Novice: 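Quick one: the structure is below, questions incoming.
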Amino acid sequence: MPSNAEAAETFRTIADLLDVLGERFKPEAYRRVARSIDSLTEDLAAIAARGELRSIPGVGDAIEEKIREYLASGRIGYLERLQHDVPAGVADLLRIPGLGPKSARRFWTELGIEGPAELLAAIDAGRLNGVKGFGAKKIAQVRSAVDAARATAGTARAPIEVAYPVAMRIVRALREAGVADRVEVAGSFRRGRETVGDLDILVTSHNATRAFDVFTALPEVREVRLRGGTKETAILTNGLQVDVRVVEPASFGAALQYFTGSKDHNVIVRTLAKDAGLRVNEYGVSRGEERVAGATEEEVYAALGLAWIPPELREGRGEVEAARKGPLPPLVQDRDLRGDLHVHLPDASGAGEVDRLLGAARHRGYAYVGVVGEGVTADGKPFRLSEPVLARAVKASSPRFRVFRVAEVDGLPPEEGDAPSGVDLLVRRPTARHPGVPTDTEDPRPPAVVAHIGAGTPDAGTAVRGWIAYAAKVGAAVEVGPGPDRLDSTWARYAREQGVRLAIPTGLLGSGEDPTCPVSLAFARRAGAQVADVANAGVAAGAKRK
DNA sequence: GCCGTTTTCGGCCCGACTGTTTTCAGTCG
């Protein structure tokens with residue numbers, strides 16, 4: 001049975017080949033479907049079995065037929081015909097930055113170039129000299145791009161938790177240098193996607209050149225690719241691309257909306273605007289010559305008759321239709337977090353580490369923190385926090401601040417003595433000893449949280465579904481967040497659909513740049529989680545939620 | 001190839017930047 005990821009990749013291949021063949025709109029149609037399939041929480045086969053393929057955004061008659069063919073045979077005749085027409089390497093030319101479908105097609109049809117290696121040979125043989133549209137500079141650019149593409153084997157997207165600290169440093173540097181009034185990271189970073197292709201940073205500034213200079217001087221910046229009057233593109237030492245854009249304050253909201261995306265979301269918003277006789281671009285919303293909105297995102301959406309939409313929901317999955325009807329339900333946010341149910345102290349923690357943890361929890365105004373005192377590691381070995389250290393933590397409990405003793409136990413079936421005494425709550429996790437999914441619903445002492453499950457291992461989907469089903473039965477929450485051991489936003493959405501609450505790790509022991517809490521929160525928000533959907537969130541006593 | 005509270009056909013986001021141009025095409029986001 002082919003996986004959803006493989007199906008999405010297949011449709012992307014079709015899109016590339018259609019691009020090379022010069023098709024105008026079909027490539028985007030196939031890419032849209034590929035994106036939709038990537039964000040499904042269910043196997044295509046299950047959706048197909050229910051006859052609901054057409055409910056996937058971007059799937060119409062023709063693509064439904066191709067999905068059915070793919071599920072039945074693992075092949076798509078249409079793709080095979082395209083592959084017969086276009087040499088395999090020609091589509092690879094699209095991967096080279098600066099080359100698009102037009103160039104790839106021309107190289108192939110006019111010069112017989114059928115791949116990156118042949119392109120390089122053609123350049124060296126001087127066969128590109130005199131080709132219209134390719135001067136010496138362009139040829140040199142293409143040549144180095146081919147070399148670079150070989151070296152990096154395609155620019156992979158970075159996990160958001162990797163991009164987070166560097167994004168924070170860039171933002172802080174721009175703010176502290178006093179060259180920018182407003183600084184925001186837009187793009188998929190702001191939408192909280194699991195991976196980011198680049199960082200889009202928007203600033204308002206009276207002096208674009210100085211803002212660019214401040215950014216370029218950062219040690220993280222390896223090379224500047226281009227600099228115009230309003231935009232600079234640079235590559236960081238870790239390979240991440242960063243675009244810094246300077247915009248007018250009156251346009252900041254429109255620019256933020258525009259560059260936050262997603263593409264699918266913006267297409268829907270723009271189409272809506274057009275139908276209403278309005279025009280939306282990164283400078284603002286206008287009716288004819290009259291400018292209607294632009295300074296804030298709220299007024300941009302309002303001008304289109306829409307409630308403001310949280311960035312994490314802007315994926316073209318029905319959020320625009322919902323925002324037409326009125327304000328969207330509030331998503332869980334940082335200030336809703338009441339504590340952490342599951343903190344691991346490092347093996348050799350001493351009293352100082354405990355104090356730091358508790359101090360951090362109090363500083364954030366948390367009402368509780370759960371410290372894992374004993375349990376099993378992933379490879380099944382028992383571990384125990386030193387008793388004096390744990391006792392010191394528990395002693396810090398007060399009526400307004402509770403310290404829980406947490407035991408982390410491994411996968412079912414529950415064994416005699418599985419639930420230790422003197423423990424406030426259990427966290428259940430898969431381990432090498434018991435990697436399997438629990439089947440016994442008569443758990444003598446159900447866990448509060450199921451943690452360390454994630455799609456980081458191959459073929460993990462079945463296991464993750466099993467753990468979520470178990471959590472649903474016993475009323476446990478599941479841990480969401482960055483890294484292979486936690487659930488991403490797609491799985492978090494699935495968990496919510498199954499009626500399971502989420503547990504958000506808060507990174508209490510991390511530094512100010514620790515991505516754990518903001519990224520986990522973003523994943524929960526992408527899943528549409530509200531306060532009631534998060535086990536360690538709630539409305540503070542005496543505080544009224546807006 | 002998809003899509004529709006002004007459409008089942010005629011649209012499909014749009015502006016910056018670059019290079020090679022003498023007015024623009026291609027690429028990118």
Side-chain angles (χ1 to χ4, degrees), chain A residues 11 14-15 18-19 21-36 53-67 78 82 93-107 128-142 145 155 157 186-189 196-202 208 224-233 241-247 251 254-255 257-286 304-305 316 320-321 324-325:
Chain A
F11 284 116
I14 292 177
L18 289 170
D19 246 341
L21 289 171
E23 287 281 354
R24 287 274 279 142
F25 298 106
K26 289 184 188 181
E28 209 31 54
Y30 280 98
R31 290 200 178 93
R32 166 136 200 259
V33 165
R35 288 193 296 273
S36 288
L53 286 173
R54 290 290 298 268
S55 70
I56 299 170
V59 175
D61 281 332
I63 291 183
E64 175 181 19
E65 190 51 44
K66 292 181 178 70
I67 294 175
Y78 181 61
L82 291 173
L93 294 172
L94 299 175
R95 302 281 97 76
I96 299 166
L99 289 188
K102 295 277 167 49
S103 304
R105 181 173 169 75
R106 282 187 60 200
F107 289 156
L128 258 60
N129 299 337
V131 173
K132 197 177 149 214
F134 285 85
K137 204 162 177 179
K138 181 78 182 174
I139 290 173
Q141 188 191 76
V142 168
T155 46
R157 297 173 66 90
S188 49
F189 183 92
V196 299
D198 58 17
L199 291 175
D200 285 303
I201 299 180
L202 300 184
V224 174
R225 280 277 168 84
L226 60 90
R227 185 192 278 205
T230 61
K231 173 187 168 181
E232 172 164 287
T233 296
Q241 178 175 317
V242 182
D243 294 337
V244 179
R245 293 184 158 85
V246 175
V247 303
S251 298
Q257 194 285 326
Y258 180 81
F259 288 110
T260 296
S262 68
K263 188 174 186 160
D264 291 338
H265 175 85
N266 281 354
V267 168
I268 294 166
V269 167
R270 257 142 239 276
T271 305
L272 194 70
K274 199 170 184 177
D275 292 347
L278 297 164
R279 197 162 57 94
V280 186
N281 57 29
E282 61 257 55
Y283 301 108
V285 183
S286 45
L304 305 173
V320 177
E321 290 80 355
R324 282 182 83 147
K325 300 191 180 106

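Here is how names work: the chains are called A, B, and so on, in the same order as the sequence lines, proteins then strands, and each is numbered from 1. It should be emphasised that the depicted structure is a prediction, and the values quoted were computed from it without experimental measurement.
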Novice: Specify the separation, in whole Å, of atom OH of A:Y30 and atom C1' of B:dC2.
Specialist: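 Result: 11 Å.
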Novice: Describe the nucleic acid contact of A:G261 in one word from base, sugar-phosphate, nothing, applying a heavy-atom distance below 4.0 Å.
Specialist: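 Counting heavy atoms under 4.0 Å across all strands, no contact is made by A:G261.
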Novice: Would you mind reporting whether A:L82 and A:L18 have side-chain heavy atoms less than 4.5 Å apart?
Specialist: yes
Novice: Classify A:R279 by what it touches in the nucleic acid, base, sugar-phosphate, or nothing, heavy-atom distance under 4.0 Å.
Specialist: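 Sugar-phosphate only.
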Novice: As a test of understanding, state which of A:R31, A:R105, A:R24 forms a side-chain hydrogen bond (donor to acceptor under 3.5 Å, both in side chains) with A:D19.
Specialist: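 Exactly one option meets the side-chain hydrogen bond (donor to acceptor under 3.5 Å, both in side chains) with A:D19, and it is A:R31.
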Novice: Does A:Y283 place a side-chain N or O at less than 4.0 Å from the phosphate oxygens OP1/OP2 of B:dC13?
Specialist: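 Negative; the distance criterion is not met.
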Novice: With syn defined as a glycosidic torsion within 90 degrees of 0 and anti otherwise, which applies to B:dT7?
Specialist: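 This nucleotide is in syn.
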Novice: Which letter, B, S or -, goes with each nucleotide of nucleotides 21-29 of chain B from 5' to 3', with contact meaning a protein heavy atom under 4.0 Å?
Specialist: -----SSSB
Novice: Does A:N281 reach a base, just sugar-phosphate, or nothing at all? Heavy atoms under 4.0 Å.
Specialist: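 Result for A:N281 = sugar-phosphate.
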Novice: Which whole-number value in Å describes the distance from A:L272 CG to B:dC3 P?
Specialist: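 These atoms are roughly 17 Å apart.
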Novice: By the 4.0 Å heavy-atom rule, please label A:V59 as base, sugar-phosphate, or nothing.
Specialist: sugar-phosphate
Novice: Under a 4.5 Å cut-off applied to non-hydrogen side-chain atoms, are A:Y258 and A:L202 in contact?
Specialist: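 Side chain of A:Y258 against side chain of A:L202, heavy atoms only: no contact under 4.5 Å found.
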Novice: Quick one: A:D61 CG to B:dC2 P, roughly how many Å, whole number?
Specialist: 7 Å
Novice: Does the protein touch nucleotides 4-12 of chain B at the base, only the backbone, or not at all? Give it as B, S and - per nucleotide, heavy atoms under 4.0 Å.
Specialist: --B-----B
